[in-house]
Trainee: 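Structure below; questions to follow.
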Protein chains: 2
Amino acid sequence: MNTHTEENYLKAIYNLSAVKGEANVNELSRHLEIKMPTVNSMMKRLADKKLIVYESYKPVRLTTKGEKEAALIIRKHRLTEMFLVEKMGFGWDEVHGIAEQIEHVQSSDFFAKMDELLGFPKIDPHGSPIPDKNGKMEWTEYHKLNECKTGDIVIFKAVTHSSDDFLKLLNVRELQLGTIIKIKSVEAFDGTMTIEYNKRKPEMLSHLVCDRILVANRKK
Amino acid sequence: MNTHTEENYLKAIYNLSAVKGEANVNELSRHLEIKMPTVNSMMKRLADKKLIVYESYKPVRLTTKGEKEAALIIRKHRLTEMFLVEKMGFGWDEVHGIAEQIEHVQSSDFFAKMDELLGFPKIDPHGSPIPDKNGKMEWTEYHKLNECKTGDIVIFKAVTHSSDDFLKLLNVRELQLGTIIKIKSVEAFDGTMTIEYNKRKPEMLSHLVCDRILVANRKK
DNA sequence: GCAACTAATTAGACTGTTCTAATAAAATCA
DNA sequence: TGATTTTATTAGAACAGTCTAATTAGTTGC
């Protein structure tokens with residue numbers, strides 16, 4: 001008996017927890033664009049339902065049950081994104097908002113069919129892993145482009161944020177998942193990187209952009 | 001700024017109006033499985049928004065505005081049903097419930113893409129016409145199987161109800177849209193029809209079933 | 001360690017959507 | 001036409017989800 005609303009709270013807690021293992025009311029409020037007192041009262045409700053662990057004035061954590069529910073919503077979201085890109089011809093910068101609506105559809109058949117038609121994908125169009133039917137998810141060990149040094153050659157594997165504007169910036173520069181990137185130089189002052197790929201002329205990427213790009217060393 | 005709820009009321013009024021041009025509170029209540037006082041108060045809200053014409057103790061009618069909104073929701077519903085059947089491999093008996101959820105997605109791009117991928121279909125998997133982007137819909141002149149006489153040969157064109165059970169009954173009997181049906185006899189007492197099609201042995205269909213099957217004379 | 005700031009909570013209100021119980025109007029039918 | 005049944009309405013309550021304003025608890029910086 002999940003409401004749309006509850007699912008959005010769980011998803012937000014899940015995403016924020018990914019970094020620190022917990023989320024505080026203030027962050028949730030900003031992320032969901034819902035005022036703090038509202039978030040606060042919802043935390044009590046989620047705690048009553050044993051979906052989160054909540055004590056006054058402390059950050060919240062998902063319970064095992066809450067984590068599983070959140071992961072399954074994220075599974076639906078990411079399967080949908082993949083379907084929209086692979087089977088319907090949308091761009092990776094167009095699918096987030098649509099998937100946010102479709103993820104709330106209550107029909108396991110529907111998502112099972114997507115999964116099957118896609119050949120049981122492990123990642124979404126942004127390189128993020130798709131949790132399995134039990135809510136288990138495996139993050140391959142990537143690192144941020146930011147953390148690379150001059151001379152490194154790496155493969156673009158995923159983005160950590162999927163905002164329209166960010167993805168369009170990458171589109172314009174023809175940077176796609178799988179692109180092999182060579183770091184030509186790193187500006188000491190502000191972290192701006194100059195990179196080369198696809199035999200194009202060098203591109204410069206700001207620190208903020210490099211912080212949102214995940215890469216793997218060029219082996220496999 | 002349509003809510004999910006409002007859309008469901010409009011759709012119900014639209015569907016009930018198809019027959020008589022108007023709908024009363026009692027019917028709406030049964031159809032939506034929402035109690036009469038709730039429906040009643042919603043009628044006032046819809047009237048305030050100029051979506052329906054409502055006077056106490058009288059049936060409601062959609063305004064031009066309300067009719068257009070309803071038709072556009074039905075467009076989304078039927079496009080979705082067609083997509084689920086044609087592009088995802090669902091059966092015509094499986095798609096109604098899923099489409100009821102997806103029809104509320106707010107993204108014209110999403111439905112435009114479906115429409116395009118489907119080659120701009122004019123009918124849904126149950127033979128019902130899909131309203132165009134302006135909410136205009138054309139019903140070809142079909143008649144009920146019920147109204148046919150012994151000896152008539154007709155083509156199965158559409159169903160007037162899409163309940164699971166009804167469609168499964170047709171599945172079991174291999175009755176599909178396009179099937180050419182010959183009426184062998186009609187039972188005078190209860191209207192049961194004996195029909196023949198696809199070179200199978202004759203089948204008997206109850207009056208209720210025949211009432212929900214729309215057919216065309218066998219010309220075009 | 002206190003002042004100032006930030007984060008979190010409480011209290012109370014409002015909207016949307018639903019309900020039940022009671023009442024009233026309209027329709028039916030004998 | 002008057003009694004009965006059906007349909008519709010009003011009144012009032014409830015819950016989910018949101019808000020603002022006021023208060024309290026923690027945190028940070030001298």
Trainee: Walk along nucleotides 15-25 of chain C from 5' to 3' and tag each nucleotide B, S or - by protein heavy-atom contact under 4.0 Å, base first, then sugar-phosphate.
Mentor: -SBBBBB---S
Trainee: Using a 4.0 Å heavy-atom cut-off, does A:K44 contact any base of the nucleic acid, only the sugar-phosphate backbone, or nothing at all?
Mentor: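 The residue A:K44 makes sugar-phosphate contact but no base contact.
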Trainee: Using distance only, find each side-chain donor-acceptor pair of residues 159-172 of chain A under 3.5 Å and give its atom names and separation, not counting sequence neighbours.
Mentor:
{"unit_1": "A:S163", "atom_1": "OG", "unit_2": "A:F166", "atom_2": "N", "d": "3.3"}
{"unit_1": "A:D164", "atom_1": "OD2", "unit_2": "A:K168", "atom_2": "NZ", "d": "3.0"}
{"unit_1": "A:N171", "atom_1": "OD1", "unit_2": "A:W92", "atom_2": "NE1", "d": "2.7"}

Trainee: Which residue pairs satisfy the side chain to side chain donor-acceptor pair (under 3.5 Å) criterion with at least one member in residues 15-30 of chain A, sequence neighbours excluded?
Mentor: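 Applying side chain to side chain donor-acceptor pair (under 3.5 Å) to every pair that reaches into residues 15-30 of chain A, excluding sequence neighbours, yields A:K20-A:E27.
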Trainee: The criterion is salt bridge (charged side-chain N to carboxylate O under 4.0 Å, His left out); which residues satisfy it with A:K58, sequence neighbours excluded?
Mentor: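 Per chain and number, A:K58 pairs via salt bridge (charged side-chain N to carboxylate O under 4.0 Å, His left out) with A:E55.
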Trainee: Would you kindly give the CG-to-P distance between A:L28 and C:dA8, to the nearest whole Å?
Mentor: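 Between P of C:dA8 and CG of A:L28: 9 Å.
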Trainee: Not counting sequence neighbours, list each pair that qualifies as a side chain to side chain donor-acceptor pair (under 3.5 Å) and has a residue in residues 117-138 of chain A.
Mentor: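 Listed once each, the pairs are A:E81-A:H126.
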Trainee: For the pair made of CG in A:N24 and P in D:dG26, what is the distance, rounded to whole Å?
Mentor: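 Atom-to-atom, A:N24 to D:dG26, this comes out as 15 Å.
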Trainee: To the nearest Å, give me how far apart NZ (B:K58) and C1' (D:dT7) are.
Mentor: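 To the nearest whole Å, that distance equals 15 Å.
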Trainee: Applying salt bridge (Lys or Arg N to Asp or Glu O under 4.0 Å) as the test, list every pair that has at least one member in residues 61-77 of chain A; sequence neighbours left out.
Mentor: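 Only A:R75-A:D115 qualify under salt bridge (Lys or Arg N to Asp or Glu O under 4.0 Å).
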Trainee: For B:D48, is there an ion pair with B:R45 - N to carboxylate O distance below 4.0 angstrom?
Mentor: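 So B:R45 does not pair with B:D48 through a salt bridge.
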Trainee: Please give, in whole Å, the distance from D:dA25 P to A:E55 CD?
Mentor: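 The answer, rounded to whole Å, is 16 Å.
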